[in-house]
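Data block below; observations after.
As the structure lists them, so they are numbered: ligands from 1, and atoms in each ligand from 1.
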Amino acid sequence: MKKTLITGGAGFIGSHLCERLLNDGHEVICLDNYFTGSRNNIVHLLANPRFELVRHDVITPFMAEVDEIYNLACPASPVHYQFNAIKTIKTSVMGAINMLGLAKRTRATILQASTSEVYGDPHVHPQPESYWGNVNPIGVRSCYDEGKRCAETLFMDYHRQNHVKIKIIRIFNTYGPRMHPQDGRVVSNFIIQALKGNDITIYGDGSQTRSFQYVDDLVEAMLRMMATPESFTGPVNTGNPNEFTILQLAQTVIKLTGSTSKIVYLPLPSDDPKQRQPDVRLAKEALGGWEPKVQLEEGLKETINYFKKIV
Ligand code: NAD
Ligand code: UDP
């Protein structure tokens, strides 16, 4: 049994990770400031004596005795991370410093939930970990992209300078139950619009692509990454390499919901990446043959069932 700390544990991905670690018999401290997360996401875990919930903001230091830290605290959707851009940078950078300090003192292994956004609007396709990216440092997405890039730098420097045991994973678009209904991400937006019979809002002409990973596949990759040998730090991409245009996604959601919604086209937000597909060869090799198991239609059905209950 390990003592684990999950920052951002009451969020979409964090809540699934809390659940999985408890099911595997570990102790979990779930730390969250509830900016985008919610106690509803983890209310079913509260009765478990191995589960502890703490309201805390990662921009201030946190003390606890732990073996493993999963650092997920950070708003993840463009709508939420642009709401208070300066706070987003503070969360990524000061949150990383505080959690790395904790890992240094407790000798815990710490995993950083980094992102495919470190590749920006990529000129290399699909994106391998060796690609340094094409990121605008002064655009509206920069608070998130550069914050996450700086966090990766901090992780590597704490490792090189202080021998902190670190793991970095770069998460590609992930979806599933407990996504925030108002976070404006494409999967939740389209499903909610389809269920309500509202127009499906495609930004741009819908030819931009994304590769969608179901949350259970990500959680499996995170646990496998944490269990890799100490010398292995990553970064490792985790995502589903099946790539879809946003128009294809809209059509699939309409089909699966049986919706009568119409597709409408709205302006493309600035710096919106044109394509994104993970190169997952390293993940397969380093994470014991890991590969995504849940394909888009199956994952969308689970997510649609979830949103049917809350919409
Ligand atoms: P989410 O918004 O549901 O979860 C983030 C959680 O962090 C929320 O519970 C929020 O309240 C909490 N949080 C935010 N700022 C905080 C702070 N200052 N102190 C403490 N808690 C704070 O988003 P998610 O999709 O679950 O993302 C989790 C992590 O995974 C994030 O770090 C995100 O950058 C990363 N990620 C997600 C995706 C994706 O597609 N979902 C892709 C790449 C990376
Ligand atoms: N998108 C869209 N309609 C929406 C929400 C998003 O067409 O209602 C597009 C968005 O412009 C982007 C893609 O879907 O090209 C993925 O957007 P999301 O915010 O989910 O994630 P990210 O851009 O961070 O990959």
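- Remark: ligand 1 atoms within the under-4.0 Å shell around heavy atoms of G37 are 8 (C), 9 (O), 10 (C), 11 (O).
- The shortest N or O to N or O distance between T91 and ligand 1 is below 3.5 Å.
- Residue contacts with ligand 2: V186 is placed with a nitrogen or oxygen under 3.5 Å of a nitrogen or oxygen of the ligand (distance criterion only).
- Here the heavy atom of the protein found nearest to atom 16 (C) of ligand 2 is R210 NE, 3.6 Å.
- A salt bridge links E291 with K284: the closest approach of a Lys/Arg side-chain nitrogen to an acidic carboxylate oxygen falls below 4.0 angstrom.
- Taking only nitrogen or oxygen atoms, main chain and side chain alike, G11 reaches within less than 3.5 Å of ligand 1.
- Residue-to-ligand polar distances place T174 within reach of ligand 1: an N/O pair is separated by less than 3.5 Å.
- Any N or O atom pair closer than 3.5 Å counts here, and T115 shares no such pair with ligand 1.
- Annotation for ligand 1: atoms under 4.0 Å from non-hydrogen atoms of G8 are 6 (C), 7 (O), 9 (O), 12 (C).
- Shortest contact from atom 24 (O) of ligand 2 to any protein heavy atom: R141 NH2, 2.9 Å.
- Under a 4.0 Å criterion applied to the non-hydrogen atoms of K148, ligand 1 contributes the atoms 31 (C), 32 (O), 33 (C), 34 (O).
- Considering backbone and side-chain atoms together, N173 places no N or O closer than 3.5 Å to any N or O of ligand 1.
- Ligand-side atoms of ligand 2 in range of E117: 24 (O), range being under 4.0 angstrom from any heavy atom.
- In this structure, a donor-acceptor pair under 3.5 Å is absent between the side chains of S116 and N237.
- In terms of polar-atom proximity, G14 is not counted as a contact of ligand 1, lacking any N or O under 3.5 Å from an N or O of the ligand.
- Within ligand 1, counting atoms from 1 as listed, the ones closer than 4.0 Å to a heavy atom of Y34 are 11 (O).
- Ligand 1 lies less than 4.0 angstrom from a heavy atom belonging to Y144.
- Side-chain contact of D271 with N136: a donor-acceptor pair under 3.5 Å is present, judged by distance alone.
- Contact analysis leaves S77 out of contact with ligand 2, as no non-hydrogen atom separation drops below 4.0 angstrom.
- The ligand atoms of ligand 2 that sit less than 4.0 angstrom from a heavy atom of F190 are 3 (N), 4 (C), 8 (O).
- In summary, R141 and E117 engage in a salt bridge, as defined by a charged side-chain N under 4.0 Å from a carboxylate O.
- Among protein heavy atoms, atom 8 (O) of ligand 2 sits closest to N189 ND2, 2.8 Å.
- In terms of protein heavy atoms, atom 1 (N) of ligand 2 is closest to Y203 CD1, 3.4 Å.
- With salt bridges taken as basic N to acidic carboxylate O contacts below 4.0 Å, one links R170 and E152.
- Only the side chain of N173 comes within 4.0 Å of ligand 2, judged by heavy-atom distances.
- The protein heavy atom nearest to atom 9 (C) of ligand 2 is Q208 NE2, 3.9 Å.
- Checked against a 3.5 angstrom limit, the closest N/O atoms of Q193 and ligand 2 fall outside it.
- The heavy atom nearest to atom 13 (N) of ligand 1, out of those in N33, T7, L31, L72, is found in N33.
- No heavy atom of S92 sits closer than 4.0 Å to any atom of ligand 1.
- Heavy-atom distances between A10 and ligand 1 reach below 4.0 Å in at least one pair.
- Within 6.0 Å of atom CG in L266, more than 12 heavy atoms from other residues, nucleotides or ligands are found, so the atom counts as buried in its surroundings.
- Interface atoms of ligand 2 facing I202, defined by a heavy-atom separation under 4.0 Å, are 7 (O).
- For atom 11 (O) of ligand 2, the closest heavy atom belonging to the protein is D272 OD2, 2.6 Å.
- Of the candidates R281, Q275, Q277, P126 forms a side-chain contact (heavy atoms from CB on, under 4.5 Å) with just one, namely Q277.
- Looking at ligand 1, you won't find any N or O of A73 less than 3.5 Å from one of its N or O atoms.
- The cationic group of R39 lies under 6.0 Å from the six-membered ring centre of Y34 and within 45° of the ring axis, placing it in a cation-pi geometry.
- The closest approach between H56 and ligand 1 falls below 4.0 Å for a heavy atom of the residue.
- Other residues, nucleotides and ligands contribute at most 12 non-hydrogen atoms within 6.0 Å of the CZ atom of F83.
- Nearest residue to atom 37 (C) of ligand 1 from D183, I13, D32 is I13 (criterion: closest heavy atom).
- Salt bridge K2/E68: present, at least one basic N to carboxylate O contact under 4.0 Å.
- Using a 4.0 Å cut-off between a side-chain N of Lys or Arg and a carboxylate O of Asp or Glu, K167 and E230 do not qualify as a salt bridge.
- Here the protein heavy atom with the shortest distance to atom 3 (N) of ligand 2 is T201 O, 2.6 Å.
- Scanning the protein heavy atoms around atom 13 (C) of ligand 2, the nearest turns out to be I246 CD1, 3.7 Å.
- The closest approach between any non-hydrogen atom of R185 and ligand 1 is below 4.0 Å.
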**Report entry** Candidate pair T7 and N71, rule side-chain hydrogen bond (donor to acceptor under 3.5 Å, both in side chains), full reasoning
**Finding:** CA-CA 5 Å; T7 75; N71 189 35; 2.7 Å; yes
